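Have a look at the structure below, then the notes.
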Amino acid sequence: MTSMLQVGVIGTGMIGQDHIRRMTSVLAGVRVSAVADVDTAVAAAVGARVGAPAFESGEALIADPSVDAVVVCSWGPTHEQYVLAAIAAGKPVFCEKPLATTQEACLRIIEAEAAYGSRLVQVGYMRRYDDAYRALKAVVGSGQIGAPLMMHCAHRNASVPGFYEKEMAITDTAVHEIDMVRWMFGAEITGVRVLVPRRSANGGELQDPLFMLLEMANGVLVDVEISVNIRYGYDIRGEIVGEDGTASLGSLSPVHVRRAGLASDPVPGDWRERFLRAYDVEFQEWIDALRAGGQPVGPSAWDGYAAAVVSDAGVAALRSGSHVPVTLADRPKLYTTEVAA
Ligand code: NAP
């Protein structure tokens with residue numbers, strides 16, 4: 001395909017609007033040709049801003065010939081139906097995380113895609129497109145620090161909305177680390193443990209922070225601090241300890257200011273600011289792959305399934321206080337490697 005990729009967006013809420021903005025004003029080779037949302041008035045208003053008609057349902061959008069590829073940004077419980085409908089129509093589909101809200105639903109998607117015979121699905125795990133994470137992975141891959149042994153991660157949010165519940169620290173927040181370490185080390189996660197530290201008064205009734213331990217099939221051990229009311233900003237950290245050295249995500253600031261006896265380094269306010277460029281790169285690479293006539297190469301339906309299984313194990317570990325093993329189904333041949341590129 002050499003012409004513009006015509007994309008239909010289902011779900012015109014917060015992230016749907018942001019992806020429409022980037023496809024309309026930032027990225028090349030793409031046009032938003034259709035939108036849909038359960039709130040048809042919002043869909044009509046968002047569509048009108050970019051000259052895209054609003055469809056009465058996601059299914060009608062998927063079926064329309066003006067749509068070459070689908071982006072699913074509706075809320076999680078609706079993802080399965082739209083991804084399955086896109087596969088049935090033979091159209092590539094980029095689905096915001098989660099792929100689906102249960103492991104069983106993820107397996108139904110895998111089964112449908114495997115029956116179709118080639119990859120159509122990409123899941124929105126954007127850390128894989130972040131410059132700093134990519135540089136970290138390149139250092140590990142170069143062998144400079146020897147074999148990786150451990151990784152220390154921190155996922156700190158300034159605050160979370162009132163509806164945020166304890167288990168969302170794993171299913172919504174740490175799920176990004178779950179996907180990132182599978183990609184970073186090219187291996188599956190085999191076991192999870194969650195420890196519960198003293199509770200922060202900033203979180204009210206919420207159990208915050210949590211401390212999660214992930215065991216990987218290659219022996220790497222990962223710890224993840226999840227603090228969602230840290231107040232000072234959005235701070236994502238990662239340090240890999242290898243046999244011969246360590247490598248960590250660098251400072252995000254292009255400038256360091258020293259004044260009045262203080263050295264300061266700005267901290268992003270939220271994930272939109274921190275991963276702004278990663279979302280752009282993620283979508284541009286998806287668009288480029290499809291326009292070149294290829295399949296999506298980013299996070300696959302298998303990756304979405306694996307993240308769901310590990311996050312379920314994390315929730316079970318949080319509830320029980322015990323170690324929970326992770327067992328995955330047999331991986332269909334379509335997913336040639338454990339973790340997509
Ligand atoms: P949001 O603002 O609530 O947007 C979701 C939109 O989908 C809303 O407009 C909602 O309408 C609509 N919707 C609900 N059911 C639908 C249906 N059956 N058909 C079509 N549209 C429907 O939520 P959001 O924050 O944008 O999140 C959307 C998805 O993106 C979630 O899965 C979330 O996990 C994911 N996300 C990913 C990242 C990331 O870092 N990769 C970041 C943020 C969000 P109503 O409001 O009327 O229900």
Side-chain angles (χ1 to χ4, degrees), residues 8-23 32 34-47 49 52-64 67 70-86 93-102 105-106 109 121-130 133 155-157 160-165 167-180 183 226 228 234 236 268-283 285-286 298-299 303-304 307-308 311:
V9 179
I10 303 174
T12 52
M14 189 265 299
I15 203 150
Q17 289 186 33
D18 197 39
H19 290 335
I20 288 170
R21 174 197 58 77
R22 66 174 35 87
M23 286 189 278
V32 176
V35 296
D37 194 289
V38 274
D39 188 334
T40 49
V42 170
V46 172
R49 287 205 293 268
F55 284 70
E56 72 278 11
S57 71
E59 283 79 4
L61 175 149
I62 290 165
D64 198 83
V67 172
V70 180
V71 171
V72 177
C73 299
S74 48
W75 74 306
T78 64
H79 289 186
E80 178 191 10
Q81 79 189 69
Y82 297 132
V83 173
L84 287 176
V93 52
F94 180 104
C95 180
E96 258 309 342
K97 63 92 188 161
L99 174 60
T101 46
T102 65
C106 292
I109 291 170
V121 180
Q122 179 162 325
V123 187
Y125 286 113
M126 75 297 181
R127 292 210 184 169
R128 301 174 181 215
Y129 300 89
D130 177 63
Y133 275 117
H155 189 142
R156 299 183 184 149
N157 291 56
V160 284
F163 61 77
Y164 192 96
E165 290 169 358
E167 292 174 357
M168 289 173 73
I170 293 164
T171 59
D172 253 51
T173 303
V175 73
H176 284 288
E177 271 77 14
I178 289 170
D179 180 70
M180 180 275 294
W183 164 79
I226 310 145
V228 296
Y234 180 75
I236 297 298
D270 65 16
W271 49 270
R272 270 166 293 230
E273 185 183 345
R274 169 64 182 83
F275 289 110
L276 180 75
R277 197 181 123 70
Y279 289 114
D280 290 348
V281 175
E282 172 189 47
F283 268 84
E285 291 190 9
W286 179 71
D303 294 318
S311 102

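Just so you know, ligand 1 is whichever comes first in the structure, and atom 1 is the first atom listed for that ligand. Quantities reported herein were computed from a predicted structural model and do not represent experimental measurements.
Here the heavy atom of the protein found nearest to atom 13 (N) of ligand 1 is V38 CG2, 3.4 Å. Of the protein's heavy atoms, K97 O, 3.5 Å lies nearest to atom 33 (C) of ligand 1. The closest protein non-hydrogen atom to atom 42 (C) of ligand 1 is I15 CD1, 3.3 Å.
By the 3.5 Å distance cut-off applied to N or O atoms, T78 is not counted among the residues near ligand 1. Between M14 and ligand 1, an N or O atom pair is found at a separation short of 3.5 Å. Polar contact check, P98 against ligand 1: no nitrogen or oxygen pair lies under 3.5 Å apart. Inclusion of E96 in the set of residues having an N or O under 3.5 Å from an N or O of ligand 1 is warranted.
Closest heavy-atom approach to atom 29 (C) of ligand 1 among the candidates S74, C95, P77: S74. Summarising the contacts of atom 17 (C) of ligand 1 with F55, W75, Y82, Y279, the nearest heavy atom is found in Y82. The heavy atom nearest to atom 28 (C) of ligand 1, considering only C73, G124, G76, is found in C73. Checking V42, V35, D37, T12 against atom 12 (C) of ligand 1, the nearest heavy atom belongs to D37.
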Could you walk me through whether W183 and Y133 pass the side chain to side chain contact (heavy atoms under 4.5 Å, CB included) check? CA-CA 10 Å; W183 164 79; Y133 275 117; 4.0 Å; yes
Does the pair Q122 and V93 meet the rule for a side chain to side chain contact (heavy atoms under 4.5 Å, CB included), with working shown? CA-CA 6 Å; Q122 179 162 325; V93 52; over 6 Å; no
Pair L99-V123, side chain to side chain contact (heavy atoms under 4.5 Å, CB included): steps then yes or no: CA-CA 6 Å; L99 174 60; V123 187; 4.0 Å; yes
Using the side chain to side chain contact (heavy atoms under 4.5 Å, CB included) rule, take H19 and V9 through it: C-alpha gap first, then chi angles, then the decisive distance, then the call. CA-CA 9 Å; H19 290 335; V9 179; 5.8 Å; no
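Using a 4.0 Å cut-off between a side-chain N of Lys or Arg and a carboxylate O of Asp or Glu, D280 and R277 do not qualify as a salt bridge. We find that E282 and R128 are not joined by a salt bridge, their nearest charged nitrogen and carboxylate oxygen being 4.0 Å or further apart.
The environment of E165 atom CD is sparse: at most 12 non-hydrogen atoms of other residues, nucleotides or ligands sit within 6.0 angstrom.
Remark: ligand 1 atoms within the under-4.0 Å shell around heavy atoms of M126 are 40 (O), 41 (N). The atoms of ligand 1 that sit less than 4.0 Å from any heavy atom of G11 are 7 (O), 21 (N).
No heavy atom of Q17 sits closer than 4.0 Å to any atom of ligand 1. By the 4.0 Å heavy-atom criterion, G58 is excluded from the residues contacting ligand 1. At a 4.0 Å cut-off, at least one heavy atom of I10 sits close enough to ligand 1 to count as contact. Every heavy atom of S57 sits 4.0 Å or more from the atoms of ligand 1. Residue H79 places a heavy atom under 4.0 Å from ligand 1.
In this structure, atom 23 (O) of ligand 1 has no protein heavy-atom contact shorter than 4.0 Å. Within a 4.0 Å radius of atom 3 (O) of ligand 1, the protein contributes no heavy atom. Within a 4.0 Å radius of atom 46 (O) of ligand 1, the protein contributes no non-hydrogen atoms.
Only the side chain of W271 comes within contact range of ligand 1, with a heavy atom under 4.0 Å; no backbone atom does.
Side-chain atoms of V228 and M168, non-hydrogen and from C-beta on, never get closer than 4.5 Å to each other. Contact of the Y125 side chain with the M180 side chain is not registered, since no non-hydrogen atoms from C-beta on lie closer than 4.5 Å.
Counting all heavy atoms, side chain and backbone alike, V67 lies closest to A34 at CG2-CB, 3.8 Å.
When the side chain to side chain contact (heavy atoms under 4.5 Å, CB included) test is applied to P77, the partners found at least two apart in sequence or on another chain are W75, T101.
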